[in-house]
Amino acid sequence: MELEWRISGAPVGYPEAVAEMEARVATIRAGAAPELVWLLEHPPLYTAGTGADSGDLLDAAGLPVFKTGRGGQYTYHGPGQRIAYVMLDLKRRGPDIRRFVCNLEQWVIDTLAEFNVRGERRAGRVGVWVARGGGREDKVAAIGVRVRKWVTFHGISINVEPDLSHYAGIVPCGIAEHGITSLADLGHTATLNDVDLVLRQKFEEVFGLIASCHSRESGNPDL
């Protein structure tokens with residue numbers, strides 16, 4: 001079956017998105033539906049991954065907080081952030097979670113490069129980072145995944161032009177010593193549509209390769 005791409009024009013509620021992913025993972029496992037990459041936005045909200053520390057939720061300020069089965073800690077989602085939920089069959093592509101996470105990082109890095117942004121990995125920190133000078137590093141994209149019977153779900157979020165002030169309500173991904181940035185914050189005028197076009201272009205380039213890196217696993221294969 002061919003890979004399906006879906007783009008949601010209006011923000012999708014978090015519980016609705018999780019329910020849709022759960023259903024799609026089951027049908028992919030059953031061989032009844034193709035793999036899916038779903039590009040969307042959420043309304044403003046926080047999510048707490050399986051490694052979240054309650055002390056990292058500083059002030060939700062009225063925004064909803066959802067516990068989720070993905071790997072990682074607290075993060076913010078909202079308009080202006082491109083989320084890509086990636087539902088792939090790793091039995092077919094290769095049952096290697098580390099490689100899958102590494103490929104997600106590379107997909108983001110290659111996409112950012114098209115906008116003249118140098119995204120980088122950091123040892124011990126899943127996600128993609130931008131060096132700002134003077135030792136400052138800001139996170140531009142987050143990664144949190146789950147794998148069930150070797151079918152992946154959840155995925156990545158790239159900050160295109162979200163309201164970065166909402167990150168003040170949490171310790172993002174449990175890392176207090178570094179900041180958060182976006183393409184807009186870095187001086188770029190890219191739109192979500194611009195980013196979507198590049199994400200699709202770069203996807204097969206990256207996921208058709210066997211990547212080599214030292215990213216730690218994120219998520220639980222539920223085997």
Side-chain angles (χ1 to χ4, degrees), residues 2-9 11-12 17 21 35-42 70-72 75-88 90 93 97-123 125-132 137-145 152-164 167 172-173 178-216 218-219:
E2 294 186 359
L3 176 77
E4 178 186 346
W5 286 81
R6 181 188 303 171
I7 302 177
S8 294
V12 179
M21 284 192 287
E35 298 173 312
L36 172 66
V37 178
W38 184 12
L39 305 178
L40 68 150
E41 296 172 278
H42 285 308
R70 63 157 174 80
T75 195
Y76 165 75
H77 293 310
Q81 183 187 73
R82 175 49 82 216
I83 292 169
Y85 286 143
V86 182
M87 287 152 267
L88 302 182
L90 295 188
R93 292 176 174 267
I97 298 173
R98 176 178 290 183
R99 191 183 92 185
F100 172 63
V101 173
C102 182
N103 282 346
L104 288 176
E105 291 175 334
Q106 192 62 49
W107 185 31
V108 173
I109 289 168
D110 290 354
T111 297
L112 294 174
E114 291 296 308
F115 301 98
N116 297 312
V117 173
R118 182 177 177 178
E120 299 177 324
R121 296 181 177 92
R122 288 293 181 265
R125 293 187 244 148
V126 173
V128 177
W129 301 79
V130 176
R132 305 297 297 273
E137 296 179 349
D138 290 345
K139 192 171 192 176
V140 68
I143 295 174
V145 304
T152 70
F153 55 125
H154 298 279
I156 68 170
S157 60
I158 300 175
N159 288 338
V160 180
E161 194 176 7
D163 183 350
L164 295 179
Y167 282 96
C173 301
H178 300 292
I180 300 291
T181 191
S182 66
L183 290 178
D185 183 52
L186 293 168
H188 297 272
T189 58
T191 65
L192 290 176
N193 184 61
D194 295 331
V195 172
D196 291 347
L197 291 173
V198 179
L199 282 170
R200 187 158 185 172
Q201 173 191 343
K202 297 297 180 181
F203 183 87
E204 288 301 334
E205 295 177 17
V206 171
F207 284 88
L209 299 174
I210 297 177
S212 176
C213 72
H214 300 287
S215 296
R216 63 182 172 85
S218 177

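Below, each value reflects all heavy atoms present in this structure, side chains not excepted, and no hydrogens, waters or symmetry copies. Residue numbers run from 1 in the order of the sequence given.
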Within the distance-only criterion (no hydrogens, no angle test), does the side chain of [X] pair as donor or acceptor with the backbone N or O of [Y] below 3.5 angstrom?
X	Y	value
Q81	Y76	yes
W107	K202	no
E41	G80	yes
T152	V86	yes
R121	G127	no

To the nearest 0.5 angstrom, please state how far the [atom1] atom of [X] sits from the [atom2] atom of [Y].
X	Y	atom1	atom2	answer
L39	L192	CG	CG	9.5 Å
I156	Y85	CD1	OH	11.0 Å
D138	Y167	CG	OH	11.0 Å
H154	L104	NE2	CG	13.0 Å
R82	N193	CZ	CG	8.5 Å
W38	E4	CH2	CD	11.0 Å

Over all heavy atoms of both residues, which pair between [X] and [Y] is shortest? Give the atoms and the distance, please.
X	Y	value
V140	S182	CG2-CA, 4.2 Å
H42	P11	C-CB, 4.0 Å
V128	G119	CG1-CA, 3.6 Å
R122	A131	NH2-CB, 4.5 Å
V206	N103	CG1-O, 3.3 Å
A190	V195	CB-CG2, 4.5 Å

For residues [X] and [Y], determine if any side-chain heavy atom of one lies less than 4.5 Å from a side-chain heavy atom of the other.
X	Y	value
K139	P172	no
F115	L186	no
R125	H178	yes
L40	R6	no
R93	E35	yes

Let me see the working for M21 and L36 under side chain to side chain contact (heavy atoms under 4.5 Å, CB included), right down to the final yes or no. CA-CA 9 Å; M21 284 192 287; L36 172 66; over 6 Å; no
Quick one: sort the F100 and F207 rings into parallel, tilted or perpendicular, breaks at 30° and 60°.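 Rings of F100 and F207: tilted, 30 to 60°.
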May I have the step-by-step check of side chain to side chain contact (heavy atoms under 4.5 Å, CB included) for V198 and D110, ending in yes or no? CA-CA 9 Å; V198 179; D110 290 354; over 6 Å; no
Test side chain to side chain contact (heavy atoms under 4.5 Å, CB included) on D185 and R132 and set out the steps. CA-CA 11 Å; D185 183 52; R132 305 297 297 273; 3.3 Å; yes
With side chain to side chain contact (heavy atoms under 4.5 Å, CB included) as the test, would you mind laying out the steps for T75 and R70 before giving the verdict? CA-CA 11 Å; T75 195; R70 63 157 174 80; 3.5 Å; yes
Could you check L112, T111, I109 and say which one makes a side-chain contact (heavy atoms from CB on, under 4.5 Å) with V117?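 Result for side-chain contact (heavy atoms from CB on, under 4.5 Å) with V117: L112.
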Results of side chain to side chain contact (heavy atoms under 4.5 Å, CB included) for E161 - residues two or more places apart only: A184
